[in-house]
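Step one of this worksheet: look at the structure below.
Values reported hereafter were calculated over all heavy atoms of this structure, with side chains retained and with hydrogens, waters and symmetry mates removed.
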Amino acid sequence: MGFLNAVYELGKQGEEGELAAFLKLPLPSEKTGKSGELKKGGNEIRIHLSVKNVDEKPLNVLGVANIDIVDFMSGEKDVEKWKMKYLYRDPVGSNTSWKFTPILKIGKPPKDEDKKRIAFVDGTNKKKPFFKTIKEKILMDYENSGYFTPGSVDRIMEALESKIDHITELFSENESHLIVFGVEKDDDFLYPGEIPTFIDYFKEKMNSRTKKSGDEKRSVSTKVKRCAMCGREMSTFVNLDEVFNFATFDKKSFLPGLDKNSRLKIFPICTDCFKDLSHGRERLDREFLDGQTIPGIKIWCIPEIIGSHSSETLEDVVSQFKKYVSKENTEVEDMFSSFAKFENENLLFHFVFWEQKKAQELVHSMVEDVPPTQLRMIERCWMESLKVIEAKEEMIQKNRKLGTAFKFIFKTITYFGKQNKAETKFLRDSAIKIISSMLNGEKLNVDSVKSTFVERIPNLLHGRNKDNKDMEIKNMFMIIDFISRFNSEVGK
């Protein structure tokens, strides 16, 4: 429960309003370029709908007044304000015929001009055309649900198709793109969160996610009396899989006693806790997500304060992490080293290593209740190994940070799997297990690591990359020395 409690407490801070907790940004507010510079999160192609009256319901859409392109979150970078404007929440799945808000992520444009047109009109073997997705997966449900007047969607699509050349012209910069539907009013663009019809639609869809818990075909709601988080009695509730996609119910082995008739007996949460956990999840993805340490693996790094504390301590952690992510200050330590510097004895960290596989979130490892002292101990062992194995002081200082140590473990362990997918997966999992065990304060099997290296030395000496053999053998010794020093410290 340490991880969930931390997310819950995180979600209880900062958000205001009825909907804010359930919203997130559709793209990162900023991203870091190859040289460490800050760049915009992407572009948005805005579809200005022409309507008879923006305040009426159903919305009578007459056509498309204008189509333009702007930077994502152009102007003031107030995240909370923009979350309310976009009114965005991730879709519940790829098979649904609706989305919470009329926004579509279309990624980066192909370099070939003809392929851009194909992406919108014809589609490919792997992807449906954007126009088809817009009509069938986004707009049509507004009309079918009574939020658009009959014929509105056809008028929108006819206008879009007639303006395809202009749209593909806008879809050109090598950035992630969104298509955002809003309303033209007094020569200004109203975002979904500024339009009553879209707000009401969003609320209805959110309410349907909680009301489903009373569906007798899916659960026996009369038998579930209390929320698994707060313990309060509840009448309507949802399950944890509405917040985390790794809380899945399609694999019997994932949680004990799972079947479709008892899914809400496992971890039912009340609507208030659903709100706090949703906001906590949004903050995790926006403020506490590390995607740089291990390629292809995302790491949530969640701080938790236990016992008596001041709110300023947690804000210090948040501030330090933001500096790491944005690289506003090149002197700031990497994330793990930053966390290791905190002296508060009431501070703990939780780490979740996971991978995005389409809509599914695959958890590789979860380590809870890691104190800063544990991080400092690992970093100290790493520094001692660096000083023994690495001759150049310049290299010692460059690689001294704890995050670099974890990157080094991953790079060295997985080096031999480049030509074989199965081998790569095995070695990647081994590297994650080593890092997780270190964070958890568990002794590691040095002989097993040595065997992994020894078995692959012939390939190193005679394979394609034999020119790198000296460097890689040196790296192997570094890892073995590092793990040995760590083991000697465990339990002291």
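Ionic pairing of Lys83 and Glu80 is present here: one or more N-O contacts between side-chain nitrogen and carboxylate oxygen are shorter than 4.0 angstrom. Of the charged side-chain nitrogens involved, at least one lies within less than 4.0 Å of a carboxylate oxygen, so that Lys205 and Asp141 count as a salt-bridged pair.
Counting heavy atoms from C-beta on, the side chains of Gln356 and Glu361 come closer than 4.5 Å. Under the 4.5 Å side-chain criterion, counting only non-hydrogen atoms from C-beta, Lys203 is in contact with Ile199. Phe72 places a side-chain heavy atom less than 4.5 Å from the side chain of Leu25. Between Met377 and Arg380, the closest side-chain pair of non-hydrogen atoms falls below 4.5 Å. Here the side chains of Met478 and Leu386 are in contact, with some heavy-atom distance below 4.5 Å. The shortest distance between side-chain heavy atoms of Val449 and Leu444 does not fall below 4.5 Å. Thr412 places a side-chain heavy atom less than 4.5 Å from the side chain of Phe453. A heavy-atom distance below 4.5 Å is not found between the side chains of Glu489 and Glu384.
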*Take Lys99 and Leu104 through the test side-chain contact (heavy atoms from CB on, under 4.5 Å) and record every step on the way to the result.*
CA-CA 9 Å; Lys99 296 184 187 297; Leu104 179 66; 4.3 Å; yes
_Asp481 vs Ser385, test: side chain to side chain donor-acceptor pair (under 3.5 Å). Steps then yes/no._
CA-CA 6 Å; Asp481 186 82; Ser385 293; 2.6 Å; yes
_Quick one, Leu284 with Leu289, criterion side-chain contact (heavy atoms from CB on, under 4.5 Å). Give me CA distance, side-chain angles, the key distance, then yes/no._
CA-CA 6 Å; Leu284 279 186; Leu289 181 66; over 6 Å; no
*For Trp382 and Met438, what are the C-alpha separation, side-chain angles and deciding distance, and is it a side-chain contact (heavy atoms from CB on, under 4.5 Å)?*
CA-CA 11 Å; Trp382 170 244; Met438 283 186 157; over 6 Å; no
*Would you sort out whether Asp71 and Asn43 count as a side-chain contact (heavy atoms from CB on, under 4.5 Å), showing the intermediate values?*
CA-CA 5 Å; Asp71 292 347; Asn43 294 332; 3.5 Å; yes
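Between Phe3 and Phe244, the gap from one ring centroid to the other is short of 6.0 Å. Ring-centre distance between Phe100 and Tyr88: not below the 6.0 Å cut-off. Ring to ring, Phe349 and Phe288 are not that close: their centroids are 6.0 angstrom or more apart. Taking the six-membered ring for Trp and the full ring otherwise, the centers of Tyr191 and Phe189 sit less than 6.0 Å from each other.
Counted within 6.0 Å of NZ on Lys105, heavy atoms from surrounding residues, nucleotides or ligands total more than 12; the atom is thus considered enclosed. Crowding of Lys137 atom NZ: a count of heavy atoms from other residues, nucleotides or ligands under 6.0 Å exceeding 12. Residue Phe408 places its CZ atom among more than 12 non-hydrogen atoms of other residues, nucleotides or ligands, all under 6.0 Å distant. The environment of NZ in Lys77 is crowded: more than 12 heavy-atom neighbours from other residues, nucleotides or ligands sit within 6.0 Å.
Shortest non-hydrogen contact noted between Gly41 and Leu27 is O-CD1, 3.9 Å. Nearest approach of Glu175 to His177, heavy atoms of both residues: O-ND1, 2.6 Å. Of all non-hydrogen atoms in Gln374 and Leu439, the two that sit nearest each other are CG-O, 3.4 Å. Between Val490 and Gly441, the shortest heavy-atom contact is CG1-O, 3.3 Å. Contact between Ser176 and Lys108 at its shortest, heavy atoms only, is N-CG, 3.8 Å. Between Lys357 and Leu362 the shortest heavy-atom distance is CG-CD1, 3.3 Å.
Interatomic distance, Ile299 CD1 to Ser436 OG, rounded to the nearest 0.5 Å: 8.5 Å. To the nearest 0.5 angstrom, Leu10 atom CG is 9.5 Å from Glu282 atom CD. For the atom pair OG1 (Thr271) and CE (Met206), the distance works out to 10.0 Å, reported to the nearest 0.5 Å. A distance of 10.5 Å separates CZ in Arg286 from NZ in Lys24, rounded to the nearest 0.5 Å. The distance from atom OG1 of Thr133 to atom CD1 of Ile106, rounded to the nearest 0.5 Å, is 11.0 Å. Rounding to the nearest 0.5 Å gives a distance of 10.5 Å between CZ of Phe482 and CG of Asn487.
Under the side-chain contact (heavy atoms from CB on, under 4.5 Å) rule, Pro102 has a single partner from Ile195, Ile134, Ile138, which is Ile138. Here the options are Phe202, Phe181, Tyr201, the test is ring-ring contact (aromatic ring centres under 6.0 Å, His included), and the partner is Tyr142; only Tyr201 passes.
Of the possible polar contacts, none joining the Thr404 side chain to the Arg400 backbone as a donor-acceptor pair under 3.5 Å is found. In terms of modelled atom types and a separation under 3.5 Å, the side chain of His279 and the main chain of Ala21 share no donor-acceptor contact. With hydrogens and angles ignored, the 3.5 Å screen pairs a side-chain donor or acceptor of Thr101 with a backbone N or O of Tyr86. For His350 (side chain) and Leu348 (main-chain N/O), no donor-acceptor pair under 3.5 Å exists by modelled atom type. Without hydrogens or angle criteria, Arg46 side chain to Val180 main chain gives no donor-acceptor distance under 3.5 Å. With hydrogens and angles disregarded, a donor-acceptor distance shorter than 3.5 Å links the side chain of Arg89 to the backbone of Phe22.
The ring-ring contact (aromatic ring centres under 6.0 Å, His included) search around Tyr8 returns none, not counting sequence neighbours. In this structure, the side chain to side chain donor-acceptor pair (under 3.5 Å) partners of Lys425, at least two apart in sequence or on a different chain, are Asp429.
The aromatic rings of Phe406 and Phe336 stand perpendicular to each other, their planes meeting at an angle above 60°, with 30° marking the opposite boundary.
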